[in-house]
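The structure under discussion appears below in the form of structure tokens.
For clarity, every value in this text was computed on a predicted model and none was experimentally measured.
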Amino acid sequence: MANRRIARKIVLQTLYEWECCERKQDLKKILKRNLEKIKTKKKIEKPFIYKLVNLIISHLKELDEIIQETSSKWPLEKITLIDRNVLRIGVAELLYGNKKEVPPKVAINEAIELAKTFGGENSGKFVNGVLGTIYKKRL
């Protein structure tokens, strides 16, 4: 499972960089560069990474609408870049991913851990609340 956690970190880093440059750079080039930079003794699950990035990009509009609808007190553009992308990863895995490969509660937990690691003081709670609501309403 730690390999998937590393994979999600790479996806988060890639989405963050892509948004920081206002989506003007090629996302796949950013991802390729980030994969080349990674130094780990663990095997990186590249197919999982590419699958997750493609899932997010192919459903980006729907993901953002779902996040916005669920976190109505926070307009999407007011959600921090990290939290927004962690939510995209979590919602993509939760709603569009293979539930046998990544069960919904695992998807939620992994997103919370990403938020706690890379987000602000309350990011974990915020991500938990949004994903928990989506889980209750949609699954």
Side-chain angles (χ1 to χ4, degrees):
M1 216 37 97
N3 295 351
R4 292 259 171 104
R5 186 163 288 174
I6 292 168
R8 289 180 185 93
K9 288 178 183 180
I10 295 167
V11 171
L12 177 61
Q13 176 185 2
T14 300
L15 292 172
Y16 182 87
E17 186 176 342
W18 184 57
E19 282 214 73
C20 279
C21 61
E22 298 175 356
R23 301 182 188 177
K24 292 179 182 172
Q25 290 185 14
D26 185 313
L27 179 66
K28 292 187 180 185
K29 285 183 183 176
I30 296 170
L31 177 56
K32 183 180 178 195
R33 186 178 64 245
N34 288 340
L35 285 169
E36 289 169 355
K37 287 181 184 178
I38 296 299
K39 292 181 174 105
T40 180
K41 292 179 183 175
K42 296 180 182 179
K43 183 181 177 220
I44 298 172
E45 292 191 43
K46 289 182 183 180
F48 178 77
I49 292 169
Y50 284 109
K51 185 177 173 181
L52 185 54
V53 167
N54 288 329
L55 198 62
I56 292 165
I57 296 309
S58 64
H59 293 283
L60 188 60
K61 185 177 180 192
E62 298 100 318
L63 294 172
D64 286 351
E65 288 171 358
I66 291 165
I67 293 166
Q68 180 61 70
E69 170 188 306
T70 309
S71 62
S72 58
K73 292 181 181 179
W74 290 98
L76 194 65
E77 61 277 358
K78 296 287 184 186
I79 297 173
T80 68
L81 211 53
I82 290 291
D83 291 355
R84 185 167 54 229
N85 284 303
V86 167
L87 285 168
R88 286 174 177 152
I89 293 168
V91 176
E93 286 194 280
L94 195 59
L95 298 182
Y96 303 112
N98 181 339
K99 310 265 186 304
K100 291 180 182 177
E101 194 175 305
V102 180
K105 291 187 179 185
V106 171
I108 292 170
N109 185 59
E110 288 297 316
I112 293 167
E113 291 304 315
L114 276 176
K116 286 179 180 177
T117 302
F118 297 103
E121 186 177 323
N122 295 314
S123 293
K125 292 176 186 175
F126 177 67
V127 167
N128 185 27
V130 172
L131 294 179
T133 300
I134 292 169
Y135 177 78
K136 288 174 189 170
K137 286 184 176 181
R138 296 181 180 255
L139 297 177

Separation of [Y] [atom2] from [X] [atom1] (nearest 0.5 Å):
X: Ile49; Y: Asn34; atom1: CD1; atom2: CG; value: 9.5 Å
X: Lys46; Y: Leu31; atom1: NZ; atom2: CG; value: 9.5 Å
X: Leu95; Y: Leu139; atom1: CG; atom2: CG; value: 6.0 Å
X: Ile44; Y: Ile10; atom1: CD1; atom2: CD1; value: 4.5 Å
X: Leu60; Y: Glu62; atom1: CG; atom2: CD; value: 8.5 Å

side-chain hydrogen bond (donor to acceptor under 3.5 Å, both in side chains) partners of residues 111-136, not counting sequence neighbours, each pair once: Asp83-Ser123
Does some side-chain heavy atom of [Y] sit less than 4.5 Å from a side-chain heavy atom of [X]?
X: Val106; Y: Glu101; result: no
X: Leu15; Y: Leu12; result: no
X: Lys137; Y: Glu69; result: no
X: Tyr50; Y: Leu35; result: yes
X: Thr70; Y: Arg138; result: no
X: Phe118; Y: Tyr16; result: no

Ile57/Arg88 under side chain to side chain contact (heavy atoms under 4.5 Å, CB included): CA gap, chis, key distance, verdict: CA-CA 9 Å; Ile57 296 309; Arg88 286 174 177 152; over 6 Å; no
For the residue pair [X] and [Y], what are the closest heavy atoms and their distance?
X: Ile30; Y: Cys21; result: CD1-SG, 4.3 Å
X: Leu55; Y: Ala92; result: CD2-O, 3.6 Å
X: Arg84; Y: Ile79; result: NH1-O, 3.0 Å
X: Leu114; Y: Arg8; result: CD1-CB, 3.9 Å
X: Ala111; Y: Gly90; result: CB-CA, 4.1 Å
X: Val127; Y: Ile112; result: CG1-N, 4.1 Å

Val102 vs Arg4, side chain to side chain contact (heavy atoms under 4.5 Å, CB included): CA-CA, chis, key distance, verdict: CA-CA 10 Å; Val102 180; Arg4 292 259 171 104; 3.7 Å; yes
Backbone of Leu76 reached by a side-chain donor or acceptor of Gln68 within 3.5 Å: yes
Short side-chain to backbone donor-acceptor contact, Asn85 and Leu81, under 3.5 Å: yes
Lys99 atom NZ, over 12 foreign heavy atoms within 6.0 Å: yes
Parallel, tilted or perpendicular: ring planes of Tyr96 versus His59, cut at 30 and 60 degrees: parallel
